[in-house]
Amino acid sequence: MAEHVWIGDLREHVGKDVEVRGWRNHLRSSGKLHFLEVRDGTGTVQAVVFKGSVTPETFEKAGTIAQEATVTVRGTVSENPKKPGVFELQAKEVELYAAPAREYPISPKEHGVDFLMDNRHLWLRSSRQNAILKVRATIVRAVRDFFDGRGFTLVDAPIFTPNACEGTSTLFETDYHGDKAYLTQSGQLYMEAAAAAVGKAYCFGPTFRAEKSKTRRHLAEFWMVEPEVAFMDLEGDMKLAEDFLAFIAQRVLETRGEELKILERDTSKLEKVIAPFPRITYHEAIQILQENGHPEAKVGDDFGGDEETVISNKFDRPVIVHRYPMELKAFYFKKDPANPSLALNMDVLAPEGYGEIIGGGQREDDLDTLVRAIEHHKLPMEAFEWYLDLRRYGSFPHAGFGLGIERTVAWTCGLHHVRETIPFARMLNRLSP
RNA sequence: UCCGGAGUAGCUCAAUGGCAGAGCAAUCGGCUGUUAACCGAUGGGUUGAAGGUUCGAGCCCUUCCUCCGGAGCCA
């Protein structure tokens, strides 16, 4: 009885009889020969069905197997005579497990985005989407390995929150047993509490934004990792961020070369992602804009997608932009002692126009200053009493950041749009499948 | 919410205001080394919806719907 082998492991079974189970990708016939391409999620293999090597019934059946039918093929593993290093299966038996109930909608030719997104549950089977799923999984694993390996404790933040934490984003409102509750836009405030408990904390989970954003960089539901470290300042935060991104890039390069090849990613761009990253101030960024086609840029402006691209294109690796004007930033950032109009914050802009993938900074740890900031932003003080407690009971300098997983995956894979980086995207006009 | 673009066969797209088409997919046939195979044949349409102009509308006009790209907002 032939052993069931995953296609990805076939090279270890050359010359042996094995059984492969999967879905029909392609079928090419030439009279007395069928080339049956089977996919099982770990790879694809071409099964060669020669009329003289199988029963007449098997040969006829093999020639009629529809796209995405589930099949079992038993045969001998051999090297492709035309492609050294590529292995195929000399079929002896072919069994149909399940024929498609109807014609498979995704044909080998090109399709429009909307059609593919409507069929996302099937589109995931394609080699490109398969490669993206695997890179995403690798990045998620790298995120955990990085922080776990540096003594961080994973502290899960809640999804339901009682109020609009930062007051800067539009949130999804839900009914919580008669009260209003909101889907979280960030776990950061909770991580500040966690940092006082475990020193180095991080959370990693879904995050929700209800803004009606319609761009290649936005999702309504996305995943964010947010480390927060006690007794760390902005300098340490920037160091952590660049070590973190370099770690992720290296991990993907080391373990997902095949997938990056399928995605036709220029890996030389990723190989340059080594710490330290260039660091510029917000004011230097404005100057770069003024000198590169945005003469209207002035201090006080925030950066849009175009501006981020202009800045990031000046560098061959991610660039850190730090010390933005306080009025552009959330209430919780610490003011720069050297210039109180500036925040001790930083954004990391990914290369090649992928935009902001990290935002963070040092938090305000002075109770009175924080109270004034909450008043200045006209936020409900009572909702932040627990947060202010963190300054009342042993305040401590601390910093952290948030990294958007989807933008990181899009950048790593060289994708045009974040909708392909998450298995089932939630967007302004998309809630299904 | 605003600006721009698009909606025609299952899919991707053609069609001067004058017979609604092609490629792929599907079905049938041919071929012993194919790689989005190739060759031949067959079936496949409420042209997003409603109204209007016209002898005649896929095409022009009005309204609406859906999607795409961007802006704003944001990660």
Side-chain angles (χ1 to χ4, degrees), chain A residues 25-37 44-53 59 63-64 66-68 78-83 86 88 90 100 102-119 122-123 126-128 164 166-171 184-188 206-226 301-309 328-330 345 347-350 354-360 401-411 416-419 421-422 427-430:
Chain A
N25 241 12
H26 297 293
L27 176 64
R28 296 174 286 272
S29 293
S30 52
K32 292 172 180 161
L33 206 51
H34 299 306
F35 297 99
L36 182 64
E37 199 173 294
T44 62
V45 67
Q46 170 171 282
V48 183
V49 188
F50 176 49
K51 198 169 187 173
S53 302
F59 185 77
T64 63
Q67 187 182 1
E68 294 304 311
S78 65
E79 193 163 13
N80 188 316
K82 285 188 175 178
K83 292 183 174 178
V86 174
E88 57 184 25
Q90 301 298 327
R102 60 181 72 166
E103 183 187 336
Y104 191 66
I106 301 178
S107 69
K109 287 280 181 174
E110 64 218 44
H111 297 282
V113 170
D114 192 45
F115 174 80
L116 290 170
M117 288 303 286
D118 281 342
N119 290 284
L122 303 175
W123 189 24
S126 76
S127 60
R128 272 183 63 85
E166 303 179 22
T168 56
S169 305
T170 318
L171 305 189
T184 182
Q185 59 161 338
S186 165
Q188 182 209 311
T207 308
F208 307 87
R209 301 287 167 89
E211 284 106 4
K212 300 200 183 304
S213 298
K214 263 186 75 171
T215 80
R216 72 186 68 174
R217 304 181 305 280
H218 289 88
L219 295 169
E221 177 183 314
F222 65 99
W223 283 64
M224 189 154 69
V225 55
E226 293 173 280
D301 293 348
D302 211 342
F303 305 133
D306 280 357
E307 286 85 359
E308 288 178 352
T309 302
L328 292 180
K329 288 293 160 184
N345 82 300
D347 285 351
V348 182
L349 306 184
Y354 281 96
E356 181 184 345
I357 52 175
I358 281 182
F401 61 79
L403 170 123
I405 290 296
E406 285 73 18
R407 288 186 182 178
T408 305
V409 174
W411 160 56
H416 176 70
H417 199 300
V418 289
R419 67 187 155 214
T421 65
I422 188 164
M427 299 183 293
L428 188 54
N429 293 310
R430 164 92 37 204

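What you see below is based on every heavy atom in this structure, not just the backbone, and it leaves out hydrogens, waters and symmetry mates. In what follows, every chain begins at residue 1, and chains take the letters A, B, ... in the order their sequences are listed. Nothing here was measured: the structure is a model prediction, and the numbers come from that model.
- Distances from the side chain of A:Asp306 to the nucleotides B:U35, B:C11, B:A71 place B:A71 closest.
- B:A26 and B:C19 are spaced 32 Å apart, taking the P atom of each and rounding to whole Å.
- One P atom belongs to B:G58, the other to B:G72, and the distance between them is 41 Å to the nearest Å.
- Rounded to an integer number of Å, the gap from A:Arg28 CZ to B:C39 P is 15 Å.
- The gap from the C1' atom of B:C74 to that of B:U66 amounts to 25 Å, rounded to the nearest Å.
- Ion pairing of A:Glu37 with A:Arg28 is present here, as a side-chain N (NZ or NE/NH1/NH2) and a carboxylate O approach within less than 4.0 Å.
- Residue contacts for A:Gln67: at a heavy-atom cut-off of 4.0 Å it reaches no nucleic acid atom on any strand shown.
- Counting any heavy atom pair closer than 4.0 Å across all strands shown, A:Phe115 reaches sugar-phosphate atoms only and no base atom.
- Heavy atoms only, all atoms of each residue included: A:Met427 and A:His218 are closest at CG-O, 4.4 Å.
- Ranking B:U1, B:G70, B:G33 by closeness to the A:Thr215 side chain, first place goes to B:G70.
- At whole-Å resolution of the value, CD in A:Glu307 and P in B:G72 are 7 Å apart.
- When heavy atoms are screened at a 4.0 angstrom cut-off, A:Leu403 is found touching no nucleic acid atom at all.
- Positionally, the nearest nucleotide of RNA chain B for A:Thr64 lies more toward the 5' end than for the other of A:Thr64 and A:Gly52.
- Rounded to a whole angstrom, the distance from the C1' atom of B:C59 to that of B:U8 is 11 Å.
- To the nearest whole angstrom, the two P atoms, one in B:G17 and one in B:C61, are 11 Å apart.
- Taking only side-chain atoms of A:Glu211, from C-beta outward, the nucleotide of B:G33, B:A37, B:C73 with the closest atom is B:C73.
- Among the nucleotides B:A37, B:A71, B:U35, the one closest to any side-chain atom of A:Arg217 is B:A71.
- In this structure, A:Leu428 atom CG and B:C68 atom C1' are separated by 12 Å, rounded to whole Å.
- For RNA chain B, runs of at least 3 consecutive pairs of the Watson-Crick or G-U wobble type, with both hydrogen-bonding distances under 3.5 angstrom, map to B:1-7 with B:65-71, B:10-13 with B:21-24, B:26-30 with B:38-42, B:48-52 with B:60-64.
- If you check every strand for non-hydrogen atoms under 4.0 Å, A:Glu226 touches nothing.
- What separates CD of A:Gln90 from P of B:G33 is a distance of 14 Å, to the nearest Å.
- Nearest to the side-chain atoms of A:His26 among the listed nucleotides B:A71, B:A37, B:U32 stands B:A37.
- Separating the NE2 atom of A:His417 from the C1' atom of B:G69 is a distance of 9 Å, rounded to the nearest angstrom.
- Here B:C3 presents its C1' atom at 18 Å from NZ of A:Lys212, a figure rounded to the nearest Å.
- For B:G45 and B:A14, the C1' atoms lie 15 Å apart once the distance is rounded to whole Å.
- Position along RNA chain B of the nearest nucleotide to A:His218 versus A:Gly31 favours A:Gly31 as the more 5'-ward residue.
- Remark: P of B:A36 and CD1 of A:Ile106 are 18 Å apart, rounded to the nearest angstrom.
- Straight-line distance between the C1' atoms of B:G56 and B:U16: roughly 15 Å, to the nearest whole Å.
- Taking atom P in both B:C60 and B:G18, one finds a spacing of 11 Å when rounded to whole Å.
- Salt bridge annotation for A:Asp118-A:Arg430: present, with a cationic side-chain nitrogen under 4.0 angstrom from a carboxylate oxygen.
- Computed from coordinates, the A:Lys214 NZ to B:U66 P distance equals 11 Å when rounded to whole Å.
- Contacts of A:Ser29 with the nucleic acid, taken as non-hydrogen atoms under 4.0 Å apart, include base atoms.
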